[in-house]
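Just so it is clear, the structure is predicted and the values come from calculations on it, not from any experiment.
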Amino acid sequence: MARFGRRSFLRGAGALTLSLPLLESRDAAAQAAPPKTLFLVHNHGGTVSAMNRSPSMSDGRGDHHGLHWWHPLADDETLTAGNLGLIHSGLLDDFVDQLILFRGIDNEAANAQAPYGGGGHGWVNCTHLTCADCHTETVDGKTEPTGAKGPSFDKLLAAHLAGSAPFDAIDLMVRGHNYGTVQYLGDRQPVSSERDPRTAFERIFAGVSPSDTGPDPELLRLRARRQSVLDGVLGAFNLLRGRVSTQDRRTLDAHADHLRAIERRIDALDGVLAPMCTTPDIADVSDREAEQVGPLMMDIAIHAGRCNLSPVIAIQIGDIITSWLGTPYGVDLAHSLGHAAREVGPTGPNAGRRAAWEEEMRSNRRWRLSLFQRLLQGLADTPAGDGTLLDSSLCVYTSEFSNAAVHSSRDVPFVFAGSLGGTFRTGRFLDYNMAAPGGYETSASTHNLYTSILQGFGMEIDHFGGPHAYFDGPLPGLR
């Protein structure tokens, strides 16, 4: 199945299909109001929180670590560089004025449907981005979800904006032990994201059409010849280069150099990536692969945004062990690392290994967030209109669990970056927890957050998702 809904288009002169950045010679009004883009980054496996499945911050037991690294160090609404949580500090400090850090948003679609409090992988994957009811089946007396009954909010947005760019959506994956996807096109239609950076690069930037029956013959031909995917279009590219201003020639040259650099990094992955045209075993992922593929996927997303190739660009980051950073706690799966949080508390069976767990968990989650940081930096470095591409975009970083150890889908982690062209007021910590310190009570759910995003992109929508929201409408205080 084709992963990118690409529409035929020509840019520049002749048959030039190489995606191009905005040039000063193009319509000035279009540059003054750059298109709005959603960048969605989903980190599988949860963050580090003491949030319980029930509406409380703790289950009252001492076997859990009791940490809450997503929360800022102080409860001030104004975010400051020295006040970010331990996961964000030092990574997102430079963007603090462009951030909105959230607390107190529940995935109530999962909490209302799951027979044991919203904590199963199937339930959260079905609901986290869709807020939908789930199809279910009962086997041996146990009810499990089999798919969402509606689209994830990013796919609803992509359908709304269809035709505004060459791709309706671009979906990428840094593969890992994920228990499925969180993205849905619609009823029982899970999204299959592109996991190979070479295939993503060639399809997005070379205009090569995907095939429903196997690997594209043109892709295989290019690989066999070790030929740059850019070579076939550089004749028309150079013709265009000779017709534009000096400043635009510099922009085009930098554009081509950047694409060449990405391509060279992809070529260097020979022997690292899994063989093409095979179905990888996601339970046995090469750490070395993720270490290199993660930054590559972010660079592909950045460049796709610079060229306005799609209004919706999503990257899923698998639940992986970051072995190149050290593994002092030492488990075989990142999922096990998350579960170990309930073993390293003061009365836990591995209390003596708490320091080792904290060191490995912190470096693991911060590496994943560093990919988001890379995305933000690339967008901030790109002029667009009167500001930067980050200003006109909305970048969302999230995970399906707050507490990976108990699979809690309450107090779900979210951070926004970019104001979507002034739509959202940034530089703030928005805490929807209405309980006293140490407690937890909220009336905000993911339904409201996604409704706000969709409205921000101009959709006339009063409610997103199924019937389990605490209330309908957008999230209060976001604008």
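- Heavy atoms only, all atoms of each residue included: L79 and P72 are closest at CD2-CG, 4.4 Å.
- In this pair, H121 and H407 present their aromatic rings perpendicular. The plane angle is above 60°, beyond the 30 to 60° band.
- Annotation: the span from S399 atom OG to L369 atom CG amounts to 11.5 Å, rounded to 0.5 Å.
- Inter-residue side-chain proximity for M297 and V293 is flagged as met; some heavy-atom pair is nearer than 4.5 Å.
- Atom CG of L129 is separated from atom CG of L40 by 6.0 Å, given to the nearest 0.5 angstrom.
- Between Y397 and W70, the ring-plane angle classifies as parallel under the 30° and 60° cut-offs.
- Interatomic distance, L101 CG to H71 NE2, rounded to the nearest 0.5 Å: 8.5 Å.
- Here the side chains of F471 and P476 are in contact, with some heavy-atom distance below 4.5 Å.
- At a cut-off of 3.5 Å, with distance as the only test, no side-chain donor of N178 or Q316 sits close to an acceptor on the other residue.
- Of the residues R368, E400, R365, the one that meets the side chain to side chain donor-acceptor pair (under 3.5 Å) test with N43 is R368.
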Evaluate side-chain contact (heavy atoms from CB on, under 4.5 Å) for F414 paired with V396, printing each intermediate quantity in order.
-> CA-CA 7 Å; F414 285 97; V396 179; 4.2 Å; yes
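- By the side chain to side chain donor-acceptor pair (under 3.5 Å) test, S152 is found to be paired with D154, residues two or more places apart in sequence or in another chain being considered.
- The backbone N or O of G439 lies less than 3.5 Å from a partner atom in the side chain of N433, making a donor-acceptor pair.
- Legend: side chain to side chain donor-acceptor pair (under 3.5 Å) pairs involving residues 101-112, not counting sequence neighbours, sorted by first then second residue: R103-D411, D106-R410, D106-Y440, D106-Y470, N107-T127, E108-N111, E108-Y470, N111-S409.
- Applying the ring pair (Phe, Tyr, Trp, His ring centres under 6.0 Å) test to W367 and every residue at least two apart in sequence or in another chain returns W324.
- Minimum interatomic distance between T388 and A380 (heavy atoms only, all atoms of both residues): CG2-O, 3.4 Å.
- Ring pair H463/H447 is parallel by interplanar angle, where below 30° counts as parallel and above 60° as perpendicular.
- In this structure, the side chains of R175 and E289 come closer than 4.5 Å at one or more pairs of heavy atoms.
- Residues D168 and K155 are not paired through a salt bridge, judged by the lack of any N-O separation under 4.0 Å between the basic side chain and the carboxylate.
- Looking at heavy atoms from C-beta onward, I461 lies in side-chain contact with L156 at the 4.5 angstrom threshold.
- Residues F464 and L157 have side chains not in contact (no heavy-atom distance under 4.5 Å, counting atoms from C-beta outward).
- Here the two rings, on F39 and F372, have centers that are 6.0 Å apart or farther.
- With sequence neighbours left out, S49 forms a side chain to side chain contact (heavy atoms under 4.5 Å, CB included) with M51, H68, S402.
- Looking at N83 and L73, their side chains come closer than 4.5 Å, going by heavy atoms from C-beta outward.
- At a threshold of 4.5 Å between non-hydrogen side-chain atoms, the residues L376 and L390 count as touching.
- Rounding to the nearest 0.5 angstrom, the gap separating the CD1 atom in I302 from the CG atom in D299 is 5.0 Å.
- Nearest heavy-atom pair across I320 and A334 is O-CB, 3.1 Å.
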For E358 and V48, run side-chain contact (heavy atoms from CB on, under 4.5 Å): C-alpha distance rounded to whole Å, both residues' side-chain angles, the deciding distance at 0.1 Å, then the answer.
-> CA-CA 10 Å; E358 285 196 23; V48 182; over 6 Å; no
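- When all heavy atoms are compared, the tightest approach of A304 to I313 is CB-CD1, 3.9 Å.
- Of all the heavy atoms in I300 and A200, the pair that sits closest is CD1-CB, 4.4 Å.
- For C134, the disulfide (SG to SG under 2.5 Å) partners at least two apart in sequence or on another chain are C126.
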Assess whether side-chain contact (heavy atoms from CB on, under 4.5 Å) is satisfied between T446 and I105, documenting all intermediate values.
CA-CA 6 Å; T446 50; I105 298 177; 4.0 Å; yes
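- Taking the six-membered ring for Trp and the full ring otherwise, Y184 and H128 have centroids separated by 6.0 Å or more.
- For the atom pair CZ (F153) and CD1 (I453), the distance works out to 4.0 Å, reported to the nearest 0.5 Å.
- Residues that satisfy the salt bridge (charged side-chain N to carboxylate O under 4.0 Å, His left out) test with R479, not counting sequence neighbours, are absent from this structure.
- Using a 4.0 Å cut-off between a side-chain N of Lys or Arg and a carboxylate O of Asp or Glu, R203 and D196 do not qualify as a salt bridge.
- Here CG of D472 is found 8.0 Å from CG of N448. Values are rounded to the nearest 0.5 Å.
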- Task: Determine, step by step, whether L420 and F457 satisfy the side-chain contact (heavy atoms from CB on, under 4.5 Å) criterion, reporting the C-alpha distance in whole Å, the side-chain angles of both residues, the deciding distance to 0.1 Å, and the verdict.
- Result: CA-CA 8 Å; L420 195 61; F457 277 89; 3.4 Å; yes
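- Here the side chains of V41 and I317 are in contact, with some heavy-atom distance below 4.5 Å.
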